[in-house]
There are 2 protein chains.
Amino acid sequence: MAETLTSEAILVATEEVLRRYGPAKATVVDVAKALGVSHGSVYRHFPTKAALREAVTRRWLDAQHVAMEPTFDQGLTAAEMLRAWLQKLFDRKKLSHVDEPELFATYLVLVRESRAIPEYHVEHLVGQLARIISAGVETHEFVTDDVNATAQAVWDATDRFHHPAHAQEWGDPHIQDAFDAVVSLVIAGLRYNRIPSAAGDA
Amino acid sequence: MAETLTSEAILVATEEVLRRYGPAKATVVDVAKALGVSHGSVYRHFPTKAALREAVTRRWLDAQHVAMEPTFDQGLTAAEMLRAWLQKLFDRKKLSHVDEPELFATYLVLVRESRAIPEYHVEHLVGQLARIISAGVETHEFVTDDVNATAQAVWDATDRFHHPAHAQEWGDPHIQDAFDAVVSLVIAGLRYNRIPSAAGDA
DNA sequence: GGACTGACAGATTTCAATATCTGTCAGCCG
DNA sequence: CGGCTGACAGATATTGAAATCTGTCAGTCC
């Protein structure tokens, strides 16, 4: 009302609407109503509803990325850092799933229909993984001939603990044991691992 | 018509109906129609539609279990056997997903709503994994202080390549590379792995 | 008598009419 | 002019009435 309408204000309002109604019920008209403008105005800033939803999710993911940024300053081994980072990711995902279920559901919708957003998210986090693994390679704690492929493999091997499709399993009382076992196995693998052509290692 | 109605005949007819219509459309009336009996007769053999669907799925899974039975006779290392077994599982799941999409979808429905059937399936296959790993431990190729927990960890780490929720990703052209990398990492981990209390290893 | 039927009640699904939403754009208003 | 409005067309979602389905059971038929 007072100020001119900014993209940022629309994003804030959209996030609020998504939080309240969820991805299935939230409409562009709701967002416009929350802002006290006509829905036509929203379309001056975002070409489609999908673009708006993507922008909100990207904002949300960016915050996750910042929070997950690994810290190399404490005197931890690479294995400790890796385990802590994976645990933090798991804890944050679990929390987000129960704490902001509608935003989480919004991301799940995007995972199912868009390709770009999940790729953006995964690439970023696999990049963080690669940095941790790279640090471990430098100290000779880990062995690999392809850090990026290995980081991707660690990501894939821990899919069950971060992929939103598995969120319902995160309430299982034994899930932490499963997590510990997989992470231990992965860390053991990193201590001596090569990415072979399929037959090379087995 | 000619013979008395058997549970087996109902299962065969139900599988056919499920194959044709899928889990969302298939009805008990359809099954009865296919058998030329009234739907009341079907209920003399199976108490509910869910029980019928479960019985069909269990039959189907049992066939998978038999097909996946590992063979220890050829002169393969445990790592080779493990990789081959995981590859076979992956290939069979992929094939089943495109070849019998409705039965696959039926199993997916069961995964989401029932608890018992997927547990039955997973426990059986993890048992097969445990036998392969156990063979590797005996030849000192693998190291672990808890074969069953490790087998479960291998199962969990390869979730992306057998959990039906990930089936849509199996068409990705790079999925085989991802599979190879995860399996290599896991096999490397098995060469020296312990299941610690969470802090013990990291 | 025991396998089977078919009518039935309540639950679920389907379908079509209605309402709402998305995205556009000519025109308004400051 | 430049951001905004609000009416509009086509697409999507909601609704409620009708149809179908699930599960039961008294009764039929061999």
Side-chain angles (χ1 to χ4, degrees), chain A residues 1-58 102-103 105-106 108-110 112-114 116-117, chain B residues 1-58 102-103 105-106 108-110 112-114 116-117:
Chain A
M1 307 231 176
E3 311 270 312
T4 31
L5 187 62
T6 64
S7 296
E8 179 65 16
I10 294 174
L11 288 178
V12 170
T14 304
E15 181 170 325
E16 174 56 23
V17 168
L18 276 172
R19 243 178 237 283
R20 183 186 302 270
Y21 299 112
K25 288 283 188 179
T27 72
V28 176
V29 172
D30 290 331
V31 173
K33 223 177 293 179
L35 289 162
V37 299
S38 91
H39 76 280
S41 300
V42 173
Y43 279 97
R44 318 198 102 265
H45 294 263
F46 297 93
T48 65
K49 183 187 185 182
L52 179 55
R53 205 171 41 188
E54 271 198 27
V56 169
T57 308
R58 200 178 284 263
E102 301 297 5
L103 283 189
T106 302
L108 180 54
V109 168
L110 246 52
R112 295 214 211 272
E113 70 192 30
S114 153
I117 287 283
Chain B
M1 312 210 170
E3 311 270 310
T4 31
L5 187 61
T6 63
S7 296
E8 180 62 17
I10 293 174
L11 288 178
V12 171
T14 304
E15 181 169 325
E16 174 56 22
V17 168
L18 276 172
R19 244 178 236 283
R20 183 186 301 271
Y21 299 111
K25 289 282 189 180
T27 72
V28 176
V29 172
D30 290 331
V31 173
K33 223 177 293 178
L35 288 162
V37 299
S38 90
H39 75 281
S41 301
V42 175
Y43 280 98
R44 320 198 98 266
H45 294 262
F46 298 93
T48 65
K49 184 187 183 182
L52 178 56
R53 203 171 44 187
E54 272 199 25
V56 169
T57 308
R58 199 177 284 266
E102 301 297 5
L103 283 190
T106 302
L108 180 54
V109 168
L110 247 51
R112 293 214 212 274
E113 70 193 30
S114 152
I117 288 284

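The structure presented is a predicted model; accordingly, all values stated were derived computationally and were not measured. Letters A, B, ... mirror the listed sequences (proteins, then strands); counts begin at 1.
Heavy-atom nearest nucleotides on DNA chain C were determined for V28(A) and for G40(B), and the one closer to the 5' end corresponds to G40(B). Nearest-nucleotide positions on DNA chain D for K25(A) and H45(A) put H45(A) closer to the 5' end.
Atoms CZ (R44(A)) and P (dT22(C)) sit 18 Å apart, rounded to a whole Å. Counting to the nearest Å, the P atom of dT14(D) and the OH atom of Y21(A) are 14 Å from each other. Atom OH in Y43(B) sits roughly 14 Å away from atom C1' in dC8(C) (whole-Å rounding). We find that CD1 of I10(B) is positioned 12 Å from P of dA3(C), with the value rounded to whole Å. The distance from atom NZ of K33(B) to atom C1' of dC4(C) is 18 Å, rounded to the nearest whole Å.
For dT5(C), the OP1/OP2 oxygens have a side-chain nitrogen or oxygen of S38(B) closer than 4.0 Å. Regarding contacts with the backbone of dG3(D), every side-chain N or O of T4(A) stays at 4.0 angstrom or more from both OP1 and OP2.
Base contact: V29(A) has a heavy atom under 4.0 Å from a base atom. Within the 4.0 angstrom heavy-atom criterion, only backbone atoms of the sugar-phosphate kind lie near T27(B); the bases stay farther away.
Looking at R20(A) and E15(A), no side-chain N of the basic residue comes within less than 4.0 Å of a carboxylate O on the acidic one, giving no salt bridge. The residues K25(B) and E102(B) are annotated as not salt-bridged, no charged nitrogen and carboxylate oxygen being separated by less than 4.0 angstrom.
Interface remark: the H39(B) side chain does not form any donor-acceptor pair with the dG6(C) base, using a distance-only criterion of under 3.5 Å.
The distance from atom OG of S41(A) to atom CD1 of I10(A), rounded to the nearest 0.5 Å, is 8.0 Å. Atom CZ in R53(A) sits 11.5 Å away from atom OG1 in T14(A) (nearest 0.5 Å).
Closest of all the heavy-atom pairs between S114(A) and E54(A) is OG-OE2, 4.1 Å.
Side-chain proximity of K49(A) to dG23(C), dT5(C), dC4(D): nearest is dG23(C). Considering only the side chain of L5(B), dC4(C) comes nearest among dT22(D), dC4(C), dG23(C).
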